[in-house]
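Everything quoted here is computed from the prediction, not taken from an experiment. Numbers for residues simply follow the sequence, beginning at 1.
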Amino acid sequence: MNNKLVMVSAAFQDHITQNLLLDHNVSMCSRTANHPRDGGRVAENRLHDEQEEREYVLDPPSPRLTLAQKMGLVAPPSRRLTEEEWIRVKLRSTQEGDSAQPCVICREEFRLQPQVLLCCSHVFHRECLEAFERFSGRNFCPMCRKEQYETRLIHDAAQLFRHHCATRIQACWRGHVARRWYRDVRKTLSPTDTRLRRRFFEAKLQELSDSFVRYCHTDVEAFLSDIDRSLSSSRAVFQQLERNGVSEPQESDWDRIQSQVMQRDVWDCPICLTALSSPGPGPGAETHRPGAGRRSILLSCSHLFHQWCLEAFESFCVDSRPSCPLCRSAYYKRLF
């Protein structure tokens, strides 16, 4: 009897000692994890990079059974989930679509942040779950209130986020390729609508004109000035030829020219826009309007002017032989 009491007391003492040592080690590990040194932080980052896509259980392994637990004096700890059981838990969480939904604690998307799966198939941010445990002082699921749960680090939400980003990138790239192809097609094929076809060819003509001006090595203003000088020279040559080819009209030609003036029946000077002396019936027919008393000049081109107006026009001309102010042809003149 005494031996049995000694065994029971020794078993309880061993159980209490191991629990105290376990709690002390857990607190030291938590302080070290919360305040790591620089070397520890570098090692942790390196380990995080290596284990970024690897799923593993976050809880420490179960401690060995104490003597009291082996003797049945104290209840042993609960059995850890096996790998097959974790697979079934993850499958149930995937079917419920928890990783595609926001975190129920912070109501934000998971994206690439660390994600933990509980043995009750609920999913949370790792930091959110740790903050919930720290402020609540108890370890139970925020959703179903299950106590003494196990946690496992998973990456389902990160994979979904990467897939979503890749899908959006591919959609943007395909849209860019389609728009570029459509722009190329619009540049080469003319539309069937009449109004759009006209705009298409106007744009093509404008593009050709712009390319001609762009690839022209000479100055545009100088180029246009050369064209103006060439036109002036050509016009001067034709005017000179016309003047040299005009012969002086005979008396019969003057009668014909005068009859043309009478048929035209225009009795205003084209220069001063006042009345000319027109022959009419009765005395004083030539002076019934202003300017009718001035002497008139008849040109060989059948145009009629005031003598003073034509002389003033000829005095301001730079050519040696002026041309008609109306038709710009060389002329001979006589009093009308």
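In this structure, Met262 CE and Leu304 CG are separated by 10.5 Å, a value rounded to the nearest 0.5 Å. Atom-to-atom distance recorded for Tyr149:OH and Glu133:CD is 3.0 Å, nearest 0.5 angstrom. Atom CZ of Phe110 and atom SG of Cys128 lie 8.0 Å apart (nearest 0.5 Å). Here His164 contributes atom NE2 and Thr167 contributes atom OG1; the two are 7.5 Å apart, rounded to the nearest 0.5 Å. Met143 CE to Ile105 CD1: the interatomic distance, rounded to the nearest 0.5 Å, is 10.0 Å. The line from SG of Cys301 to OH of Tyr331 is 8.5 Å long, rounded to the nearest 0.5 Å.
Surrounding CZ of Arg186 are at most 12 heavy atoms belonging to other residues, nucleotides or ligands under 6.0 Å away. Heavy-atom neighbours of His163 NE2 from other residues, nucleotides or ligands within 6.0 Å: at or below the threshold of 12. Enclosure of atom CD in Glu127 is not indicated, since only 12 or fewer non-hydrogen atoms of other residues, nucleotides or ligands lie within 6.0 angstrom. More than 12 heavy atoms of other residues, nucleotides or ligands lie within 6.0 Å of CZ in Arg145, so this atom counts as buried by the packing criterion.
When every heavy atom of Thr151 is checked against every heavy atom of Trp86, the shortest pair comes out as C-CH2, 4.0 Å. Residues Ile271 and Cys309 come closest through the heavy atom pair CD1-O, 3.7 Å. What you find for Ile257 and Ser300 is that their closest heavy atoms are CD1-O, 3.3 Å. Here the closest heavy-atom approach between residue Ser302 and residue Val261 is recorded as O-CG2, 3.5 Å. Nearest heavy atom pair, residue Leu189 against residue Phe200, reads O-CE1, 3.7 Å. Closest non-hydrogen pair, Phe124 versus Pro142, comes out as CZ-CD, 3.6 Å.
For residues 93-111, the pairs satisfying side chain to side chain donor-acceptor pair (under 3.5 Å) are Ser99-Gln115, with sequence neighbours left out. The stretch residues 193-205 participates, sequence neighbours left out, in these salt bridge (charged side-chain N to carboxylate O under 4.0 Å, His left out) pairs: Arg198-Glu202.
Cluster membership for Val116 and Phe161, using ILVMFWY side-chain heavy atoms within less than 4.5 angstrom, is not shared. When the side chains of ILVMFWY residues are joined at heavy-atom separations under 4.5 Å, either directly or via intervening members, Tyr332 and Phe336 end up in a single hydrophobic cluster. If you chain together hydrophobic residues whose side chains sit under 4.5 Å apart, Leu299 and Phe313 fall into the same group. If you chain together hydrophobic residues whose side chains sit under 4.5 Å apart, Leu153 and Val104 fall into the same group.
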Residue pair Trp173, Gln170: steps toward the side chain to side chain contact (heavy atoms under 4.5 Å, CB included) verdict
CA-CA 5 Å; Trp173 172 251; Gln170 292 178 0; 5.7 Å; no
Run the salt bridge (charged side-chain N to carboxylate O under 4.0 Å, His left out) check on Glu311 and Lys333 step by step: do they pass?
CA-CA 11 Å; Glu311 291 176 356; Lys333 58 184 178 179; 5.7 Å; no
Decide side chain to side chain contact (heavy atoms under 4.5 Å, CB included) for Leu335 and Ile297; before the verdict, give the C-alpha distance in whole Å, the side-chain angles of both, and the deciding distance to 0.1 Å.
CA-CA 5 Å; Leu335 291 174; Ile297 294 294; 3.2 Å; yes
So Leu129 and Leu118, side chain to side chain contact (heavy atoms under 4.5 Å, CB included) or not? Walk me through it.
CA-CA 10 Å; Leu129 184 62; Leu118 275 60; 3.7 Å; yes
Between Asp156 and Leu117, is the side chain to side chain contact (heavy atoms under 4.5 Å, CB included) condition met? List the steps.
CA-CA 10 Å; Asp156 293 357; Leu117 172 67; over 6 Å; no
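For Asp184 (side chain) and Trp181 (main-chain N/O), no donor-acceptor pair under 3.5 Å exists by modelled atom type. Side-chain atoms of Arg334 do not come within 3.5 Å of backbone N or O of Trp254 as any donor-acceptor pair. In this structure, His306 contributes its side chain and Ala275 its backbone to a donor-acceptor pair below 3.5 Å.
Between Arg126 and Glu130 there is a salt bridge, with a side-chain nitrogen of the basic residue lying less than 4.0 Å from a carboxylate oxygen of the acidic one. Looking at Glu83 and Arg152, a side-chain N of the basic residue comes within less than 4.0 Å of a carboxylate O on the acidic one, giving a salt bridge.
The aromatic rings of Phe305 and His303 sit perpendicular to each other, their planes meeting at more than 60°, with 30° as the lower class boundary.
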